[in-house]
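Right, one structure below, let's go through it.
What's counted below: heavy atoms across the whole structure, side chains too, no hydrogens, waters or symmetry copies. Numbers here are sequence positions counted from 1.
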Amino acid sequence: MRNFKYCLSDIPKQHRELASLLGVDLYIKFCNLYGGSNIYIPTIKTLNNYARKDNIIAMSEDGHTVKEIAREFDLSTNYIR
């Protein structure tokens with residue numbers, strides 16, 4: 001298959017914002033990996049929840065009490081357990 005040199009104007013209008021954000025070369029790689037499939041892109045809130053969970057686990061492994069962890073993240077002790 002022939003390799004083309006793409007520019008932003010070659011990208012369909014509905015995808016130009018993404019291509020502009022990623023850069024055209026990375027957008028082309030993204031298309032090669034995921035083209036034709038449906039993918040879920042999480043919200044920043046979801047990403048924050050995953051990061052918070054990882055921090056809670058790390059604090060627990062470092063020996064912090066449930067009460068300390070709950071206070072740190074402004075969550076209930078039941079949620080932390």
Side-chain angles (χ1 to χ4, degrees):
M1 182 174 191
R2 189 171 175 191
N3 291 330
F4 293 99
K5 181 65 181 161
Y6 297 96
C7 61
L8 199 56
S9 63
D10 296 323
I11 309 298
K13 287 181 184 178
Q14 66 269 28
H15 298 278
R16 284 186 189 157
E17 186 175 349
L18 179 61
S20 180
L21 178 69
L22 296 176
V24 174
D25 290 339
L26 188 54
Y27 175 78
I28 298 304
K29 288 179 183 180
F30 185 83
C31 289
N32 281 326
L33 286 172
Y34 300 106
S37 63
N38 293 318
I39 62 169
Y40 168 75
I41 299 174
T43 65
I44 194 68
K45 182 180 177 183
T46 300
L47 292 177
N48 289 341
N49 287 342
Y50 282 118
R52 181 181 67 188
K53 179 183 168 196
D54 290 343
N55 285 310
I56 288 169
I57 291 169
M59 286 182 73
S60 178
E61 290 173 348
D62 287 343
H64 293 272
T65 67
V66 169
K67 192 173 184 178
E68 289 172 332
I69 298 170
R71 193 177 313 119
E72 174 72 23
F73 293 98
D74 196 28
L75 298 168
S76 71
T77 55
N78 286 339
Y79 183 87
I80 299 300
R81 280 191 199 101

**Item:** Under the side chain to side chain contact (heavy atoms under 4.5 Å, CB included) test, residues paired with Leu47 that sit two or more places apart
**Value:**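 If we apply the side chain to side chain contact (heavy atoms under 4.5 Å, CB included) test to Leu47, skipping adjacent residues, the hits are Pro42, Ile44.
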
**Asked** Got a sec, which pairs hit salt bridge (Lys or Arg N to Asp or Glu O under 4.0 Å) with one end in residues 35-48, sequence neighbours left out?
**Response**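 For residues 35-48: none.
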
**Request:** Could you name each residue pair satisfying salt bridge (Lys or Arg N to Asp or Glu O under 4.0 Å) that touches residues 54-80, not counting sequence neighbours?
**Result:**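 For residues 54-80, and leaving out neighbouring residues, there are no salt bridge (Lys or Arg N to Asp or Glu O under 4.0 Å) pairs at all.
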
Report, one line per pair, each donor and acceptor closer than 3.5 Å where one atom sits in a side chain of residues 12-19; sequence neighbours left out.
unit_1: Arg16; atom_1: NE; unit_2: Leu8; atom_2: O; d: 3.3
unit_1: Arg16; atom_1: NE; unit_2: Ile11; atom_2: O; d: 2.8
unit_1: Arg16; atom_1: NH2; unit_2: Ser9; atom_2: O; d: 3.1
unit_1: Arg16; atom_1: NH2; unit_2: Ile11; atom_2: O; d: 3.3

**Item:** Asp10 and Phe4, any side-chain heavy atoms less than 4.5 Å apart
**Value:**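 Answer no - side chains too far apart.
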
With sequence neighbours left out, what residues match [X] under side chain to side chain donor-acceptor pair (under 3.5 Å)?
X     : value
Thr77 : none
Thr43 : Thr46
Arg52 : Tyr79

Same apolar cluster: [X] and [Y], side chain cutoff 4.5 Å:
X     : Y     : answer
Leu21 : Tyr6  : no
Leu26 : Phe30 : yes
Tyr50 : Leu75 : no

**Message:** As an exercise, state the distance from CD1 of Ile80 to NZ of Lys53, rounded to the nearest 0.5 Å.
**Reply:**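 Going from the CD1 atom of Ile80 to the NZ atom of Lys53 covers 12.0 Å.
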
**Request:** For residues 18-39, pull every pair meeting side-chain hydrogen bond (donor to acceptor under 3.5 Å, both in side chains), keeping only residues two or more places apart or in separate chains.
**Result:**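 Listed by first then second residue: nothing to list.
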
**Prompt:** With sequence neighbours left out, what residues match Tyr40 under ring-ring contact (aromatic ring centres under 6.0 Å, His included)?
**Reply:**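 Tyr40: no ring-ring contact (aromatic ring centres under 6.0 Å, His included) contacts found.
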
